[in-house]
Amino acid sequence: MPAQAGIHWKHLDSGLCRNDGGKKDVRFSIHPWSRAMRIDVITLFPDFIESCARVGVVGRARERGLIEIATWNPRDFATDNYRSADDRCYGGGPGVVMMIDPLRKALDSVRRASGSEHGKAIYMSPQGARLDQAKVEAFAQRDHLILLCGRYEGVDERFIEHAVEEEISVGDYVLSGGELAAAIVIDAVGRLQDGVLHDAQSAQQDSFSDGLLDCPHYTRPEHHEWGDVPAVLASGDHAAIARWRMKQSLGRTWLRRPDLLEQVVLDKKQRALLDEFRREHEEKTTHDRDSGSGE
Ligand code: 4HQ
């Protein structure tokens with residue numbers, strides 16, 4: 001068994017981790033029982049991923065050792081003088097495809113470096129299942145992700161068959177490469193790691209954390225040429241504020257993303273708040289029509 005085997009297991013006290021060489025781990029900063037998540041990215045543009053991984057919440061998490069991100073360039077594993085990682089498409093046409101062997105060698109290096117002997121890649125591709133917050137939360141639970149970014153026409157199908165566990169799409173549009181999609185996964189997954197978010201920006205309060213859109217937010221000044229902050233938010237009445245926010249979340253989800261509303265089960269209180277929102281919305285729109293402001 002290689003010296004690194006088992007080192008990536010997240011739960012040291014689960015008995016799954018055997019071999020960390022008895023070394024004290026500097027990543028034990030917040031929770032001594034959990035290790036940093038590791039994300040390896042196979043990409044022809046490592047600089048792009050590196051610069052994304054330096055920015056904002058995820059950049060700070062990486063500095064603090066809460067997430068580890070490494071990049072691997074298939075060109076570094078090419079065997080010819082041009083360091084080719086792609087070749088012409090069988091069947092003709094203008095495009096090129098990423099070759100199996102440079103990708104395979106890059107993946108072998110990821111496996112050795114991470115101790116994930118049989119780790120497969122997540123391929124960023126419009127042919128994959130759509131990324132959503134449920135998928136992000138499932139990825140965030142894992143201790144290791146290997147993201148594969150394609151360029152050109154994508155990667156040889158045989159690599160997908162043998163070395164890809166899953167294809168993931170960030171949306172129904174065409175990118176010039178998988179790097180932006182991988183950066184989206186890194187950002188969304190990274191911010192959910194233990195210790196990454198402050199209480200004030202807790203993941204609990206976000207859009208989608210309960211399947212609903214977020215409520216509106218305001219800051220100073222309270223009164224402005226462009227409108228006033230809703231009085232309840234400055235009232236100091238925490239119960240009334242929570243009620244207002246829930247009502248706005250429900251109302252906006254109903255107005256803007258009725259598809260999301262079909263996926264959640266509302267409790268009695270939430271149904272009453274949404275009814276209230278709908279009645280007020282109805283009143284407002286009839287009033288606007290009658291007063292002729294909507295043509
Ligand atoms: N591409 N979600 C084609 C995407 C994409 C997406 C990445 C373009 C892969 C070969 N990836 N390359 N949408 O449009 O993830």
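Predicted model, so just to flag it, every value in this text is computed and none were measured. Each ligand, and each atom within it, is numbered from 1 in the order the structure gives. Throughout, residue positions are numbered sequentially from 1 according to the sequence presented.
A salt bridge links Glu165 to Arg142: at least one charged side-chain nitrogen sits closer than 4.0 Å to a carboxylate oxygen.
In this structure, His162 has no ring pair (Phe, Tyr, Trp, His ring centres under 6.0 Å) partners at least two apart in sequence or on a different chain. Taking the side-chain contact (heavy atoms from CB on, under 4.5 Å) definition, one finds that Cys215 meets it with His217, Arg245, Gln248, Ser249, sequence neighbours left out. Checked against side-chain contact (heavy atoms from CB on, under 4.5 Å), Asp259 has the following partners two or more places apart in sequence or in another chain: Arg257.
Ring geometry, Phe77 versus Trp72: the interplanar angle falls from 30° to 60°, so the pair is classed tilted.
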Less than 3.5 Å apart, N/O on ligand 1 and N/O on the protein: could you list those pairs with the distances?
residue	atom	partner	partner atom	Å
ligand 1	2 (N)	Val170	N	3.0
ligand 1	11 (N)	Ser125	N	3.4
ligand 1	13 (N)	Gly171	O	3.1
ligand 1	13 (N)	Tyr173	O	3.0
ligand 1	14 (O)	Tyr173	O	3.4
ligand 1	14 (O)	Leu175	N	2.9
ligand 1	15 (O)	Ser125	N	3.3

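Shown here for Phe159 and Ile100, the closest heavy-atom pair between the two residues is CD1-O, 4.0 Å.
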